[in-house]
Peer 1: 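One structure, as structure tokens, below. Some questions next.
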Amino acid sequence: MAVTLKTPDTAATDGPRLLPAHSIRRRARLEQAIYGATALGITIAPQHDTWWPAHLGAGALAFGSFYWLYGKWNDHPGGFLTACQRAIAPLTGAAAYLTNLLHTGTPWWEYATGPAWALAMAATTPIAHSLNLHALLPTPTDTPALETVTPQPAPPATYAEYRARQWETARATGSTRLTSVTQYQQGAPDFWGIVVAEAGDPVPDLNANTLAAAFDLPPGTVTLQLIDGSGPGRKLLTARPTLDRAQQAAQHPIERLWTEKLSAPGGGAPGMTLADYRIDDNRIALRVTAPDNQMIRLDQKQIARDIQQKDLSLVMVETDGLGDGLISLYKQHPLLNVREATREDLTMQADGTIALGQQPDGRIGRVPLYDPQMGAITDLYVGAPGAGKSVTLLTVITGERISGIVSIVADAQDGMSLPEVDGRVYHFGKGIAATAATLAAANDLGKYREKISAANGWGSFEIDSPWPLVNVTLDELNRILSADAVVPRPFRQWVTGLVGDTQSTGRKLGEGIRFAAQSIHLADLGDKDRIRANAKNGTVWLGRTNSSTTQHMARDGVLPPGVELAPIPRYFGTGAGNAIDAAFHGKEAKHGPITAGMANIINGGSLYVNRTWFARKENKTYPGLIALMESAPIPRLTPDEDLIFQTAYAKWLAFAETLLTEGDTKEGIDQAGADAQAAAKEQLAALGIHDDEDDDEQPSAGSIKDRILDLLADGPMALKDVRAKLPDVAPGSVNNAMTQLNEAGHVQPAGGRGTYQLTQ
């Protein structure tokens, strides 16, 4: 490859012919006089049929002009254009003459053709203009004199000089010079060179348009960049107007799609890098990385738009929340058919996980039942009716029984959501009151474990040392905690306090909690910040929801920033284009099978799509899952724990039932406390335990007030401190009792917000 090559053949143009002004005028007048004489012949001669010499002369002039012009065809383009200019007069004159000759009769326009042609030629004088005549400028003394002509620079002799001259004459390049010009390939306009600035000055930063304009090349084909090991006074200039196009043509279609669409500004992965790709029978996988100074950014909807995919469910995005991501593009949905679960799938592994289902790429979707490092976990399962939430919960609970985990389950929908677990788990509470009582009893169980752990100096939990792992599942909790739940306000406050208390201490006590609802806000579950933190160690199962608001509330603060997810559609194969096309044509949109069990799973800050194992339904139940549950014995609490839980559940069930029906009145709240005490004694008696002393673990609403008054006798106290002094009383009950004492005038605010003192 030569360093410099022959400059492309440029237009060879004659310089201007300098003549005195009067000589130029004389030439023009002579040409105009000839046009006038010729016009007379064009007007008269064609009217005489016998003037054959004139007719033959006009024909010979036309033929000779064409022949002479044809001879100039292979000359330089500039010479051919000059020849055309000189041939205008004879060709048009001969054309006018022959037109008059061949036309029969003598209409008026035959007499006008000659003068009109003469006027046009006299006005333009094409032959004189083709000679490129320029007048000599007069001297300052206005005396005619020969003027010294400034010598023109010699045309560039090599390709390097040609490109260097272009750079030098461009105004934006300043005093810099283009050196070491080297062509990539002879005959192609692609080259590179070194731009050098004056000593002590940097080479200016020029935009793509300015660089391309210097060489009259397409924008974006010329670049200027620093040279490794060199300062800013020297930069590498690269011009590749044809090589880049050739490389693009040789690119794989996937790489070209990525460059032109996905990673381009406004694309679904702007600025991201395609690290690798793989093409399978039904899937194209794109491995994506972010630049070092950026976080991964993948927009699922925009990616689908970029590739013109109308079914968003066939475009799946997975990231680590930092710099790595995976885009999967499918021809057909890979989760249309999944198999049934096996005992091996639902047996907890050493890392605390079970196989809940299948991911689109064929991998198993695993969720934790327990975290060996962090302890018991908090889960959140959200899905609209028909989303597969109940089957998913039933699959998880089956895994708990197979794995020896005690399942404490409650269903606020009177047990209709999870009828298969009735009699097949340690405890199953059915209904709103039973759900609240189950949570309260689990809370008492946690307090017992906390007391024993503190006495023994235990700071963490180990399975079966000495207690089994317990997971509490509360389904349809939105029937209690949501804003539109039809329950008394004191009842909701009581349950909310129990939720916050249970999840705050359960991790170190081997007591996990799993919330499930059709729609729920994290704020409804007590301390939403705590739930966000706990959910990052557990699982957020986000199935199909009825609104984007519900989806946002469930993932708010759990999903890493910049990671977006698309909602799960109701049916497979329901791309937006299908519905829009059907609406346009006035037809029904076709859809595939329902997507029950499909969900976006957020676990440890990462996101993936999963479909729960298939469950065959017969007689309104799932016999396959029932058989798996019954393949292992029901895990149970230790005898001491069983006594505590059963007694607490009986007590709190009576309390919840009364509070649920009469909790809007002071008398009803008092009665709920009394019923709780009576139920606890009955339960102890049924177990053969007789206790004639008053049950101080949960006094009536009236005795709660007495204990609050005793605490305030020592001086003003914040409400949160009062709750801390009464650990055996639900926080909601303490709040209600304090409100009633304030309304009755027994206590009053003491300055700071939430601080009370006895009324003087």
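Just so it is clear, the values below take in all heavy atoms, side chains as well, and ignore hydrogens, waters and symmetry mates.
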Peer 1: Mind checking what makes salt bridge (charged side-chain N to carboxylate O under 4.0 Å, His left out) contact with R514, not counting sequence neighbours?
Peer 2: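 R514 satisfies salt bridge (charged side-chain N to carboxylate O under 4.0 Å, His left out) with D379, E400 once adjacent residues are dropped.
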Peer 1: Under the side-chain contact (heavy atoms from CB on, under 4.5 Å) test, which residues partner F614, sequence neighbours left out?
Peer 2: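 F614: side-chain contact (heavy atoms from CB on, under 4.5 Å) contacts with V338, E340, R616.
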Peer 1: P360: what forms a side-chain contact (heavy atoms from CB on, under 4.5 Å) with it, not counting sequence neighbours?
Peer 2: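 Listed in chain order: M316, Y330, P334, L335, V609.
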Peer 1: Are Y426 and F645 an aromatic pair by the rule of ring centers under 6.0 Å?
Peer 2: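 Between Y426 and F645, the centre distance is under 6.0 Å.
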Peer 1: Salt bridge (charged side-chain N to carboxylate O under 4.0 Å, His left out) with R363: which residues, sequence neighbours excluded?
Peer 2: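 Counting only residues at least two positions away or on another chain, R363 forms a salt bridge (charged side-chain N to carboxylate O under 4.0 Å, His left out) with E318, D361.
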Peer 1: With E657, which residues qualify under salt bridge (charged side-chain N to carboxylate O under 4.0 Å, His left out), at least two apart?
Peer 2: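 For E657, no residue satisfies salt bridge (charged side-chain N to carboxylate O under 4.0 Å, His left out) once neighbours in sequence are set aside.
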Peer 1: Residues two or more places apart in sequence or in another chain: which of them pass side chain to side chain donor-acceptor pair (under 3.5 Å) with D721?
Peer 2: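 Residues passing side chain to side chain donor-acceptor pair (under 3.5 Å) with D721: none at all.
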Peer 1: What salt bridge (charged side-chain N to carboxylate O under 4.0 Å, His left out) pairs are there with at least one residue in residues 407-418, not counting sequence neighbours?
Peer 2: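 Every pair satisfying salt bridge (charged side-chain N to carboxylate O under 4.0 Å, His left out) with a residue in residues 407-418: there are none.
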Peer 1: How about W467 and F461: are their ring centres within less than 6.0 Å of each other?
Peer 2: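 Ring centroids of W467 and F461 are no less than 6.0 Å from each other.
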Peer 1: Taking the basic N atoms (NZ, or NE/NH1/NH2) and the acidic carboxylate oxygens, is any pair closer than 4.0 Å for E641 and R636?
Peer 2: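 Between R636 and E641 there is no salt bridge, as every charged N stays at least 4.0 Å from the carboxylate O atoms.
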Peer 1: Rounded to the nearest 0.5 Å, what separates atom CD in E618 from atom CD1 in I626?
Peer 2: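 Output value for this atom pair is 10.0 Å.
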Peer 1: Is it true that the side chains of D351 and T353 contain a donor and an acceptor less than 3.5 Å apart?
Peer 2: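 Yes, a side-chain donor-acceptor pair sits under 3.5 Å.
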Peer 1: Who are the side-chain contact (heavy atoms from CB on, under 4.5 Å) partners of S460, not counting sequence neighbours?
Peer 2: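 Testing S460 for side-chain contact (heavy atoms from CB on, under 4.5 Å), a comparison that skips the adjacent residues, returns none.
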Peer 1: For R424, enumerate each residue passing the salt bridge (charged side-chain N to carboxylate O under 4.0 Å, His left out) test, keeping only those at least two apart in sequence or located in another chain.
Peer 2: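 For R424, the residues satisfying salt bridge (charged side-chain N to carboxylate O under 4.0 Å, His left out) (neighbours in sequence not counted) are E630.
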Peer 1: Would you list the atom pairs, donor with acceptor, under 3.5 Å between side chains in residues 427-434 and any protein atom, with sequence neighbours excluded?
Peer 2:
unit_1: H427; atom_1: NE2; unit_2: T438; atom_2: OG1; d: 2.9
unit_1: K430; atom_1: NZ; unit_2: D422; atom_2: OD2; d: 3.0

Peer 1: Indicate whether the side chain of T392 and that of T612 have a donor and an acceptor atom separated by less than 3.5 Å.
Peer 2: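 A donor-acceptor contact under 3.5 Å links the two side chains.
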Peer 1: Under 4.0 Å between a Lys/Arg side-chain N and an Asp/Glu carboxylate O for E476 and K389?
Peer 2: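 K389 and E476: salt-bridged.
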Peer 1: I'd like to check the side-chain contact (heavy atoms from CB on, under 4.5 Å) partners of T739; sequence neighbours left out, ordered by chain and number.
Peer 2: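 T739 satisfies side-chain contact (heavy atoms from CB on, under 4.5 Å) with E743 only.
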Peer 1: S631: which residues meet the side chain to side chain donor-acceptor pair (under 3.5 Å) condition with it, sequence neighbours left out?
Peer 2: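 R343.
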